[in-house]
Amino acid sequence: MRWTQALIPTLKESPAEAEILSHKLLLRAGLVRKLTGGLYIFLPLGLRTLRKVEQIVREEMDRAGALEVLMPALQPPEIWEQSGRYETAQAVFFKVRDRAKKEWILGPTHEEVITTLVAGELSSYRQLPKNFYQIQTKFRDEIRPRFGLMRAKEFIMKDAYSFDATEDGAQASYKKMYDAYTRIFQRCGLKAMAVEADTGVMGGKFSHEFMVPAETGENEVVYCDGCNYAANMEKATSRHMMHADTGDKELPIEKFATPGATTINALTKPPYGVPAHQQIKTLVYVANDKPILILLRGDHQLNESKLTGALGTATFRPSTPDEIVDLLKAKPGSLGAVGVKDIPVYADEVLRGASAMTTGANEDGFHLRNVALGRDIHPAHWADLRTTQVGEACATCGKPLKIQRAIEVGHVFKLGTKYSKALNALFVDESGVQNPAIMGCYGIGVTRTLQAVIEQCNDKDGIVWPVSVAPYTVCITPLSVAKDGAVMQLAEKLYSELTALGIDVIMDDRDERPGMKFKDSELVGFPIRIGIGEKSLAKGEVEIKPRAGALIPTKPEDAVAKVLELIKAHS
RNA sequence: CGGGACGUAGCGUAGCUUGGUAGCGCGCUUGCUUGGGGUGCAAGAGGUCGUGAGUUCAAAUCUCACCGUCCCGACCA
């Protein structure tokens, strides 16, 4: 490709709409342009990179034995009703109507479609296992699209679905995908980590997310350097340790006045001086239209994902102050569970056996001290409900946990039989009995992965593409473009030789000043630049410059070999 | 959905408080210049100031509504 024939609209300044670095670079390097919020146009250079990411994904899925298919983006609502997800997934649907006013759904995901296919096509254990995948556009009515391609209304996803006859088989299918994902992100030049994840609305048994550490990520990962423990914040746990100086268990409850002190923090200060970990935080929620109390240690935070698990429903919300006053006869800030009857109490595991605790008295301006769990409060349910904090002890090895923000680029789920049962994906086993297939599903955000690469691979001058996904591997930069000049003739020679070897080469044949060409090639981030100018040519050299390395003066006749060597070293 | 900020040429922005000729930089066009790190000079083109209504002799500027963009939040009493 010649630069003068391409469309590479680089920008000196970032558009104001871009907040995070990778988004700015996407725009500045001329890879994408925004059509409107959450919708992006891939320009030629951006599309080349996207195709390379897709190709890596495709090769690794094929290697893992998955079969590529292509399903329609438009889906009938009936199959969603059949799977039971029509209501719960409602919020993310984009819906369209045909001329007969019938409703259709622009697919946010494809479990229903693939399971319908399998229900019709597979009937014997002899045909299993099977794993189908596609690389296709998904539509989700996101609450808040943001950060360019990171969270968009329309995005490209690789989704795969495995069907197995046995638990062991399903486990093996899961493992294959896990390994394939590890290879995929590695090949894209990403440092990704697999973490235990919450299964959320997908249902299913367990799952791992593939996370790319980045401060701009929307997720938080809890991990341990001591062992291999790593989990999404939504799921992460820590050792259930009560604070050591929990106090005398025998002291009787004592009510004391705390005028104006309505926060945990206020009670830690004089004249009260109650450390936050000696306090019980009492939250009032409404779950399935019924009130519940949630107890946490004062210095802990509720984790709603865990609450979803403990309650078995995601239908809950914090109570309003009015509801709380009606229920407990006190305002938030003086709430407690002592003496409360008829309201289910959910307590965090950390509070088990705690004594000498301080909590609200359910009377404005008063608290209780010397409260003991098990004596004064009898929770109906114990569960891990708190948000893990940095420095807490790893549940596995006891070392202090660390927290890192990250971008979720992939997710593997072990689904079980939820969809195969609902949509009749049954098969006959060896003994002639019909069983639902055991499923797994596996997603990679392809467009998000692309942006994650930029987020991770850049420097002050622009993108630093890994060879594997760079839009062009080599940028030839002649510093003067006179057709009959020695510089351009050598540039043309190298261009045709490298192109003939199957290398993606772009030649910056613009009649621009050297500084501008250098800046542009660095902004776009081509892995290798070959600079050819009269000065270097006079010394019998061309200048090979790896994007991330030092300049290598090279004899023109050795240039092709040197480039091949560099590509090999970086692949 | 709630809160906040913003909307002026392709991009970045000034002007708005205190109403009165729409300005600058980048980019673009032309000419000269320069030619190894976003050259310099000169001349140009490019604007329904997001949309609509209102106030006013007069609105980019004040008021209201709508649309759009971006950020934060949608829990921690």
Side-chain angles (χ1 to χ4, degrees), chain A residues 7 9-20 23-24 27-28 30 33-39 91 141-148 151 216 218 234 261-267 276 279-287 293-308 314 316-325 327-328 330-336 348 359-360 362 364 367 385-387 389 461-462 477-482 485 487 510-523 529 531-539 541-543 545 551:
Chain A
L7 176 68
T10 56
L11 300 172
K12 218 168 177 176
E13 291 171 292
S14 311
E17 74 204 31
E19 189 75 13
I20 69 170
H23 188 192
K24 288 178 181 170
L27 295 165
R28 286 191 58 210
R33 284 294 181 264
K34 184 175 73 170
L35 177 62
T36 181
L39 297 175
D141 189 2
E142 292 287 347
I143 296 176
R144 181 151 83 90
R146 61 181 130 179
F147 302 149
R151 187 168 289 280
T216 52
E218 295 188 88
E234 293 176 348
T262 57
T263 62
I264 300 285
N265 193 34
L267 280 176
Q279 300 186 41
I280 301 172
K281 180 184 287 187
T282 308
L283 308 179
V284 186
Y285 268 61
V286 177
L293 295 188
I294 298 162
L295 307 186
L296 295 162
R297 211 169 75 179
D299 54 338
H300 287 161
Q301 318 284 325
L302 176 64
N303 179 326
E304 290 202 345
S305 301
K306 292 181 181 177
L307 182 61
T308 303
F316 57 77
R317 60 172 176 84
S319 296
T320 65
D322 287 347
E323 287 170 337
I324 291 173
V325 171
L327 193 70
L328 296 174
K331 289 182 200 149
S334 304
L335 305 180
D348 183 61
T359 185
N362 287 337
D364 290 345
H367 279 76
L385 295 172
R386 72 196 177 283
T387 300
Q389 294 172 350
D461 295 314
T477 307
L479 299 184
S480 68
V481 295
V487 167
R510 294 176 299 173
D511 186 11
E512 291 289 353
R513 294 176 58 84
M516 171 145 182
K517 293 188 172 191
F518 292 146
K519 286 285 183 193
D520 266 352
S521 76
E522 282 154 10
L523 175 59
R529 182 175 70 211
I532 309 172
E534 273 152 18
K535 287 188 187 170
S536 54
L537 217 50
K539 288 189 278 180
E541 290 170 351
V542 297
E543 292 164 354
K545 170 76 173 65
L551 195 141

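Reminder, nothing fancy here: chain letters follow the sequence lines and each chain counts from 1. Nothing here was measured: the structure is a model prediction, and the numbers come from that model. Side chains included, hydrogens not; waters and symmetry mates left out as well; all remaining heavy atoms used.
- Residue Arg513(A) has no polar side-chain atom (N or O) positioned under 4.0 Å from OP1 or OP2 of G38(B).
- Residue-level contact check: Asp520(A) touches the bases, meaning some heavy atom is under 4.0 Å from a base atom.
- Here Ser536(A) does not reach the OP1 or OP2 of G36(B): none of its side-chain N or O atoms lies under 4.0 Å away.
- Heavy atoms of Arg33(A) sit nowhere under 4.0 angstrom from any nucleic acid atom.
- Stem regions annotated for RNA chain B: B:1-7 with B:67-73, B:10-13 with B:23-26, B:28-32 with B:40-44, B:50-54 with B:62-66, counting only runs of 3 or more consecutive pairs of Watson-Crick or G-U type with both contacts under 3.5 Å.
- In this structure, Leu11(A) reaches neither bases nor backbone, as no heavy-atom distance under 4.0 Å exists between it and the strands shown.
- With C1' as the reference atom, A60(B) and U8(B) are 7 Å apart, rounded to whole Å.
- Among the atoms of the strands shown, base atoms are found under 4.0 Å from some heavy atom of Pro332(A).
- Within 4.0 Å of Leu335(A), counting heavy atoms only, lies no atom of the nucleic acid at all.
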Per-nucleotide protein contact string for nucleotides 24-33 of chain B, where B marks a base within reach and S marks sugar-phosphate only (heavy atoms under 4.0 Å, - for neither): -BS-------
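- Base contact: Ile143(A) has a heavy atom under 4.0 Å from a base atom.
- Across all strands, Arg529(A) comes closer than 4.0 Å to base atoms (heavy-atom distances).
- Across all strands, Lys34(A) comes closer than 4.0 Å only to sugar-phosphate atoms, never to a base (heavy-atom distances).
- Nearest-nucleotide positions on RNA chain B for Ala16(A) and Gly533(A) put Ala16(A) closer to the 5' end.
- Within 4.0 Å (heavy atoms only), Arg144(A) reaches at least one base atom of the nucleic acid.
- Applying the 3.5 Å distance criterion, the base of G37(B) shares a donor-acceptor pair with the side chain of Glu522(A).
- Rounded to whole Å, atom P of C75(B) lies 18 Å from atom NZ of Lys306(A).
- Contacts of Ser14(A) with the nucleic acid, taken as non-hydrogen atoms under 4.0 Å apart, involve only primed sugar atoms and P, OP1 or OP2.
- Thr387(A) contributes atom OG1, which lies 9.5 Å from atom NE2 of His300(A) (distance to the nearest 0.5 angstrom).
- Residues passing the salt bridge (Lys or Arg N to Asp or Glu O under 4.0 Å) test with Arg146(A), sequence neighbours excluded: Glu218(A).
- Within the nucleic acid shown, Ser480(A) has no heavy atom closer than 4.0 Å to any nucleic acid atom.
- Between Lys535(A) and G36(B) there is a side-chain N or O to OP1 or OP2 distance below 4.0 Å.
- Contacts of Asp511(A) with the nucleic acid, taken as non-hydrogen atoms under 4.0 Å apart, include base atoms.
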